[in-house]
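Structure first, commentary second.
Convention: sequence-line order gives letters A, B, ...; per-chain numbering from 1. As the structure is a prediction and not an experimental result, all values here were calculated from the model.
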There are 2 protein chains.
Amino acid sequence: MKDTDAHVTGADVPAAGAQGPLYRQIKDAMLSALAMGEWKQGDALPPEKVLASRFGVAIGTLRKAIDDMVADGILTRQQGRGTFVAAHKRNSHFFRYFRLQRKDGQKAYPTNALLTFRRVRASAAARDALQLGPDEMVFEFSNLLSLHGDVVLVDSVVVPDALFRGLTEAQLKARPSTLYNFYQDAFEVNVIATEERLSVAHADLQHAVWLDVAPGFAVLEVHRIAYSYHQRPVEWRISRINTTHYEYIGPHTGE
Amino acid sequence: MKDTDAHVTGADVPAAGAQGPLYRQIKDAMLSALAMGEWKQGDALPPEKVLASRFGVAIGTLRKAIDDMVADGILTRQQGRGTFVAAHKRNSHFFRYFRLQRKDGQKAYPTNALLTFRRVRASAAARDALQLGPDEMVFEFSNLLSLHGDVVLVDSVVVPDALFRGLTEAQLKARPSTLYNFYQDAFEVNVIATEERLSVAHADLQHAVWLDVAPGFAVLEVHRIAYSYHQRPVEWRISRINTTHYEYIGPHTGE
DNA sequence: AAGTGGTCTAGACCACTAC
DNA sequence: TAGTGGTCTAGACCACTTA
């Protein structure tokens with residue numbers, strides 16, 4: 001049977017209103033399964049053959065959907081072991097979201113110190129970045145990051161209360177791993193994509209103290225919005241970086 | 001015949017010393033064909049069926065090789081028309097290498113003015129960036145870029161004499177399209193990948209004049225190395241950007 | 001040895017383009 | 001209408017991991 005509409009007998013694909021390529025629909029269905037928590041970070045997905053029959057498609061089609069999600073950094077594959085939901089561990093993937101290195105090319109994992117923490121009504125800018133309604137609450141906190149013992153960066157983070165219900169200062173101080181890994185573990189919030197905009201700014205009095213520089217010192221300012229499944233914004237962050245000894249690694253297009 | 005080694009009768013694949021997946025070998029063979037100038041920028045490649053039989057592989061395998069190169073931005077596909085060697089035209093692809101936009105999100109194509117031009121012995125830094133031997137010559141030139149009528153950026157470009165034999169100031173001033181498109185048209189140098197490192201710097205006297213800012217003004221400094229096929233470095237560039245009204249668009253990981 | 005993903009085949013039909 | 005890339009199938013065998 002070479003019929004393209006073979007999936008009408010599929011168990012999981014929305015047969016009605018199907019649009020676009022099959023593998024795209026499969027990907028969306030898997031994204032929804034992930035968003036609903038069917039598979040959590042670090043979990044192994046069912047084998048490809050099982051998924052293929054569940055969605056009523058050939059294994060090649062199922063693989064194309066997974067290929068996409070692997071390219072997006074949502075899943076990881078390990079030959080002989082299985083396919084897993086990507087976790088924000090301190091592995092090579094870490095540098096997908098942490099793009100600073102020493103100017104001699106040396107990479108390192110940062111150490112953290114929580115500077116501030118509060119729960120407030122979202123500012124207009126925060127509502128805009130996080131697509132929130134009026135009067136919605138957010139958590140705001142800031143972090144000091146050091147590399148090789150040098151203070152390098154201050155993060156100012158805003159996350160919606162609705163997704164991080166009950167977040168406490170103690171939790172943030174005690175988190176064992178990366179921030180995004182903490183979001184996954186404690187709140188099932190999975191960051192799978194970010195947008196960043198960079199410009200030069202000057203340290204205010206507070207940042208000058210934190211970064212141990214003179215007020216007005218020129219810093220690299222990175223505005224980031226982080227997204228979860230289906231482009232849902234889950235974090236807004238402004239990083240202010242002292243680039244005296246460290247540099248930001250831009251996109252490398254191509255191979 | 002389901003035999004994996006079916007390609008022994010292939011006409012173009014190096015049968016001896018074959019390594020790694022077949023589609024990878026096909027990709028390398030096509031990369032070499034591109035580097036040797038068999039297909040030039042804008043050209044249509046032969047149909048997939050023809051290429052598949054030329055390399056002695058199934059069409060699916062050939063497609064996987066092309067998929068990779070399309071993802072790398074080396075080729076573009078147009079359904080119903082063919083597969084083409086990517087050109088650096090002023091299309092959406094342009095913003096793959098030009099990552100500035102106004103802070104309100106407005107994108108625009110820059111206008112250019114050539115500031116300096118000379119041919120000199122490569123500095124140590126240039127030899128390092130471009131993997132040149134001692135005493136090799138390079139062209140150095142700088143460009144002033146404006147967006148929406150605002151002076152925004154000064155590029156300092158270094159390219160090896162060996163690849164750009166006979167480059168003249170007049171050619172650079174007269175070039176009708178983008179710099180990378182000019183490299184393709186006039187010298188068959190194809191930029192297919194870049195690496196960038198960003199940090200904050202301060203304008204020297206010369207750059208302050210060019211950018212119409214005070215000396216010492218804090219600018220965003222972007223160090224870029226551009227590569228052609230097989231990771232061959234072909235251009236080294238330092239851009240100094242006034243980010244008062246414009247911002248650099250960072251990588252957006254994920255979908 | 002059994003199970004997983006990785007690669008590859010040899011087709012089919014579909015959507016789009018150019019003539 | 002002919003030719004292109006886009007999608008999909010239904011398998012096969014390989015490489016690797018785990019037990």
Tell me the interatomic distance from [X], atom [atom1], to [N], atom [atom2], rounded to whole angstroms.
X: A:Arg63; N: D:dA10; atom1: CZ; atom2: P; answer: 17 Å
X: B:Leu22; N: D:dC13; atom1: CG; atom2: C1'; answer: 13 Å
X: B:Asp43; N: D:dT4; atom1: CG; atom2: P; answer: 16 Å
X: B:Arg81; N: C:dA18; atom1: CZ; atom2: C1'; answer: 9 Å
X: B:Asp67; N: C:dC8; atom1: CG; atom2: P; answer: 13 Å
X: A:Glu48; N: C:dT7; atom1: CD; atom2: P; answer: 11 Å
X: A:Ile59; N: C:dT4; atom1: CD1; atom2: C1'; answer: 10 Å
X: B:Phe84; N: D:dG3; atom1: CZ; atom2: C1'; answer: 12 Å

The answer to which of B:Gly80 and A:Ala58 contacts DNA chain D further toward the 5' end, by nearest nucleotide, is B:Gly80

[X] side chain N/O closer than 4.0 Å to the phosphate oxygens (OP1, OP2) of [N]?
X: B:Arg77; N: D:dG6; result: yes
X: B:Tyr23; N: C:dC8; result: no
X: A:Thr61; N: D:dT7; result: no

Suppose we call two aromatic rings close when their centres sit under 6.0 Å apart. Are A:His88 and A:Tyr97 close by that rule?
yes

Could you check whether B:Lys64 gets within reach of a base, just the sugar-phosphate, or nothing at all, counting any heavy atom under 4.0 Å?
sugar-phosphate

Is the charged tip of A:Lys107 near the ring of A:Phe95: under 6.0 Å from the six-membered ring centre and within 45° of its axis?
yes

Testing B:Ile74, B:Val234, B:Leu34 for side-chain contact (heavy atoms from CB on, under 4.5 Å) with B:Ile192, which one passes?
B:Ile74

With a 4.5 Å limit on heavy-atom distance, are the side chains of A:Arg102 and A:Glu247 in contact?
no

